[in-house]
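Values below: all heavy atoms of this structure, side chains included; hydrogens, waters and symmetry mates excluded. For ligands, and for the atoms within them, numbers begin at 1 and follow the listed sequence.
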Amino acid sequence: MMERRSFLKQVGMGTLAGSAIITGPVLAKTNSGPSSKEASIAHDISTLRRVKVDLVAPPMIHAHEQTVDSTPRVVEFRMTVQEKKIVIDDKGTTMQAMTFDGSMPGPTMVVHQGDYVELTLVNPATNVMPHNIDFHAATGALGGAKLTNVNPGQQVTLRFKADRSGAFVYHCAPEGTVAWHVVSGMSGTIMVLPRDGLKDANGKPLHYDRAYTIGEFDLYIPKDEKGNYKDYDTPAASYADTVEVMQTLTPTHVVFNGKVGALTGEHALLANVGETVLFIHSQANRDTRPHLIGGHGDWVWELGKFDNPPLKGLETWFVPGGSAGVALYTFKQPGIYAYLNHNLIESFLLGAAGHVKVEGKWNDDLMKQVKAPGPITQA
Ligand SMILES: [Cu+2]
């Protein structure tokens with residue numbers, strides 16, 4: 001009895017009527033919500049084909065099929081937690097980051113609806129903190145967090161069924177310090193594609209030529225009495241000051257993929273005129289509003305879930321904190337585009353902006369400079 005009460009309290013459900021939830025009659029055959037035919041079948045795992053996928057660092061996404069006709073598979077991934085000090089802007093400001101596989105965001109995993117995800121999470125002895133993982137795509141045990149607590153020097157393997165399609169956030173969520181681990185870098189995306197691929201509102205197939213993953217991070221770097229950003233030797237040393245800044249709800253930096261300018265200049269995303277690009281945008285903690293300057297979102301799943309029809313022709317879309325959104329765009333003009341958070345203070349002053357460098361032929365019909373800037377003349 002005590003155990004149940006303390007568990008409910010831990011997960012913030014202490015005031016709910018625990019007995020009704022836990023000992024109430026089990027309803028048979030309820031409608032369990034969105035699921036494909038495959039996803040609703042419980043498979044004998046031992047008979048399923050296994051594939052091992054090597055993850056790649058963002059903004060790239062590992063090679064994957066968009067449509068599959070095979071029966072579900074067990075897709076094996078391995079991620080290693082890395083605690084490390086990183087530089088987050090061009091002024092040399094540092095942060096004691098915590099990461100999945102050394103990158104912010106962690107690598108994007110891609111599977112198909114009905115597949116089983118089998119992740120081995122490694123926490124090397126060189127780290128200091130315990131970690132775990134909560135998949136928003138998973139069902140039960142706080143997203144897997146309860147079953148994946150690993151101390152430095154340990155690893156753990158979790159399997160869950162990816163029975164809902166969409167892009168979903170995953171993040172670390174250790175009891176008591178969830179927010180700190182998340183804003184310190186521990187989040188990423190898992191994309192669960194429908195087995196027959198993406199569709200528009202009329203069921204017409206949508207295909208992409210490239211896919212990029214962008215993780216937006218709101219950072220809370222403490223300052224000293226003189227107003228300079230502080231530098232710490234260990235994550236633990238940064239903890240108390242960082243929580244103080246977090247409580248103001250005012251980030252000092254908002255960055256894509258780990259630092260100001262991570263996706264600009266020679267690190268700009270690339271595309272060609274005529275290519276369709278899929279942009280995944282995750283934000284595990286705070287709302288954002290992606291916009292492609294000079295372009296649009298041709299098809300956008302703002303809330304990232306492919307069972308819903310995509311919105312069409314958006315200027316700016318909205319990704320709520322704690323989710324991942326997906327946008328498709330076919331480039332029609334060459335040039336350098338900016339992809340940013342269209343709270344322009346957050347993008348231009350705090351860092352939430354990247355570039356897409358697009359090659360190809362200019363289209364005068366879509367846009368033409370009729371007369372170049374010059375002296376003002378009478379009408
Ligand atoms: Cu962690």
State plainly whether the residues [X] and [Y] are in salt-bridge range, i.e. N to O under 4.0 Å.
{"X": "Asp224", "Y": "Lys230", "result": "no"}
{"X": "Asp134", "Y": "Lys146", "result": "no"}
{"X": "Asp298", "Y": "Lys312", "result": "no"}

Any N/O/S atom of Asn132 sitting less than 2.8 Å from the Cu ion (ligand 1), backbone or side chain?
no
What's the atom name of the N, O or S in His181 nearest to the Cu ion (ligand 1)?
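Checking each N, O and S atom of His181, the shortest distance to the Cu ion (ligand 1) belongs to ND1.
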Check all N, O or S atoms of His131 and name the one closest to the Cu ion (ligand 1).
ND1
Is a side-chain donor or acceptor of Glu83 paired with a backbone partner of Ala97 at a separation under 3.5 angstrom?
no
